[in-house]
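Values in this document were obtained by computation on a predicted structure and should not be read as measured data. We use all heavy atoms of the structure for the numbers below, so side chains are in, but hydrogens, waters and symmetry mates are not. All chains are named by letter (A, B, ...) in the order of the sequence lines, taking the proteins before the strands, and each is independently numbered beginning at 1.
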There are 2 protein chains.
Amino acid sequence: MSLQHAVLCVLEARAMTGYELTQFFESAAKWVWTAPQSQIYPLLRQMEKNGLIAGEVQLRGEKLKRTSYSLTEEGLAELRRWIAEPQPEPPTRDALLLQVLFADLVEPEECEAVLRNHIAEQRVKIRLWREHEARLLAGDTPLLRERLAHRDPKDHQRIGALKAHVFSELVRAAEQRVAWAEEAIGILHGG
Amino acid sequence: MSLQHAVLCVLEARAMTGYELTQFFESAAKWVWTAPQSQIYPLLRQMEKNGLIAGEVQLRGEKLKRTSYSLTEEGLAELRRWIAEPQPEPPTRDALLLQVLFADLVEPEECEAVLRNHIAEQRVKIRLWREHEARLLAGDTPLLRERLAHRDPKDHQRIGALKAHVFSELVRAAEQRVAWAEEAIGILHGG
DNA sequence: TAACTCATGTAATCGGTTACATGATTCG
DNA sequence: CGAATCATGTAACCGATTACATGAGTTA
């Protein structure tokens, strides 16, 4: 259950409600972890039960309650432990590579269409990640600001650079993938 | 259920038993799709029920039966359909990137250890994939030979090149990842 | 004969996906 | 007033993981 640690990461910046976390994790492509709304709420209750986070019920209007969750000491300790521990590498399961591996079963044009579709999707992601990278380098995302607020100012630049570096990896990986797909199209047509 | 299509891919080369398929999909790192043994047998029965594959019971010795599965017409048609259809891109869920994103919560040395561990793992994979790539270019893997046997000889070179290109992507992606991790270590120490 | 490989099975559990449901509040 | 947003929930299902179990055939 690694969403748990992704949630701990986000809550380290500031307390959030299930709704806010949902928006965060459903804005899929933009970030490094994704989760649907239906996973968030049960997980939050479970994490609270385990003492990793603490919920504070607030009132909005007359009847509407919302629960804002924040990290406990225990939650922060668990997060630190997790960050410093090597995680098992996920098994490879890549549908596109499988499709290209057996591309000789279909017409070259069919495979080319699949690859071009992939290229287009990667380019969308590249654009989003690049924007995010630039904003991180400028120290300009809301979450980053809130995190920096309780860190030593002399570390601010380094922290921002490290975060931006993460998104530069996403960008470079996607660019590499685009270049590869273009080469594959060449080979398809007997290049 | 995409393991289904990975199984169809493998069976297109030649008929196999559940045991053979298990070995194929459990030799994890080497290939582009992974699955544990417990997934294989139930899936094969289900695929047979759906008419995608046909099982032929063979005898080994007195009592020992084994079932060898091969593609049906329907299975091949489904495989062709799947290969030519764009697959939804998997959501990003990258533990290492998450760890580096929040590396400022731990000591730089702790994060460096995680990154060095990652680099070592990538290097192992790179070596395996490179070997496989070379063998594919030489037309030298058992499965490739069996596939080429029932394809037009004038296409052999192109098919091998395309398959090798897939593994070159795995290699390049892993190399990129290594380079990135090394840069990250530099930034960690305030470079 | 003991160890290893061949060969097939099941059950519990987990994390994630899809889909549906409900009601309050705010905004145009 | 109606639409959009805020806010939380549940249930069925799927693919994958872990772990355990069984027995026949082969080899040293």
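A straight line from CD of A:Gln4 to P of C:dG15 spans 8 Å, rounded to a whole angstrom. B:Gln87 has its CD atom 13 Å from the P atom of D:dG15, to the nearest Å. Rounded to whole Å, the distance from CD on B:Gln58 to C1' on C:dC6 is 13 Å. Rounding to whole angstrom units, CG of residue A:Leu59 and C1' of D:dA7 are separated by 13 Å. Atom P of nucleotide D:dC13 and atom CD of B:Gln46 are separated by 14 Å, given to the nearest angstrom. Separating the CZ atom of A:Phe25 from the C1' atom of C:dG16 is a distance of 14 Å, rounded to the nearest angstrom. For the pair B:Met16 CE and C:dC6 P, the interatomic distance rounds to 14 Å; values are reported in whole Å. Going from atom CD1 of B:Ile40 over to atom P of C:dT8 covers 11 Å, rounded to whole Å.
An OP1 or OP2 oxygen of C:dG16 is reached within less than 4.0 angstrom by a side-chain nitrogen or oxygen of A:Gln39. For the pair B:Tyr41 and C:dT8, the criterion of a side-chain N or O lying under 4.0 Å from OP1 or OP2 is met. Taking only side-chain nitrogens and oxygens, A:Arg93 comes nearer than 4.0 Å to OP1 or OP2 of D:dT17. Taking 4.0 angstrom as the limit, A:Arg45 places a side-chain polar atom (N or O) nearer than this to OP1 or OP2 of D:dG9.
Under the 3.5 Å distance criterion, the side-chain polar atoms of B:His5 are left unmatched by any main-chain donor or acceptor of B:Trp82.
If B:Pro91 and B:Glu20 are placed on DNA chain C by their nearest nucleotide, the residue sitting closer to the 5' end is B:Glu20.
Using the six-membered ring where Trp is involved, A:Trp31 and A:Phe25 have ring planes that are perpendicular, over 60° apart on the 30 and 60° scheme.
B:Thr67 comes within contact range of the sugar-phosphate backbone alone, with a heavy-atom separation under 4.0 Å but no base atom that close. The residue B:Thr17 sits close only to the backbone: its heavy atoms come under 4.0 Å of sugar-phosphate atoms, none of a base.
You'll find the ring centres of A:His165 and B:Trp180 inside the 6.0 Å limit.
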Would you mind writing out the side-chain donor-acceptor pairs for residues 54-62 of chain B within the sub-3.5 Å range, not counting sequence neighbours?
unit_1	atom_1	unit_2	atom_2	d
B:Gln58	OE1	B:Arg66	NE	3.2
B:Gln58	OE1	B:Arg66	NH2	3.4

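Under 4.0 Å is where a charged nitrogen must lie from a carboxylate oxygen, and between A:Asp104 and B:Arg147 at least one such pair does.
With no hydrogens or angles considered, no side-chain donor-acceptor pair links A:Glu89 and B:His118 at under 3.5 Å.
Following chains of ILVMFWY side-chain contacts shorter than 4.5 Å, one cannot reach B:Leu137 starting from A:Ile187, and the two form parts of different hydrophobic clusters.
In this structure, of C:dT8, C:dT10, D:dT8, it is D:dT8 that holds the atom nearest to the side chain of A:Tyr19. In the set D:dA16, D:dT8, C:dT17, the nucleotide with an atom closest to the side chain of B:Pro36 is D:dA16.
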### Message
Treating primed atoms plus P, OP1 and OP2 as sugar-phosphate and everything else as base, which nucleotides of nucleotides 19-28 of chain D get B, S or - for protein heavy atoms under 4.0 Å?
### Response
B----SS---
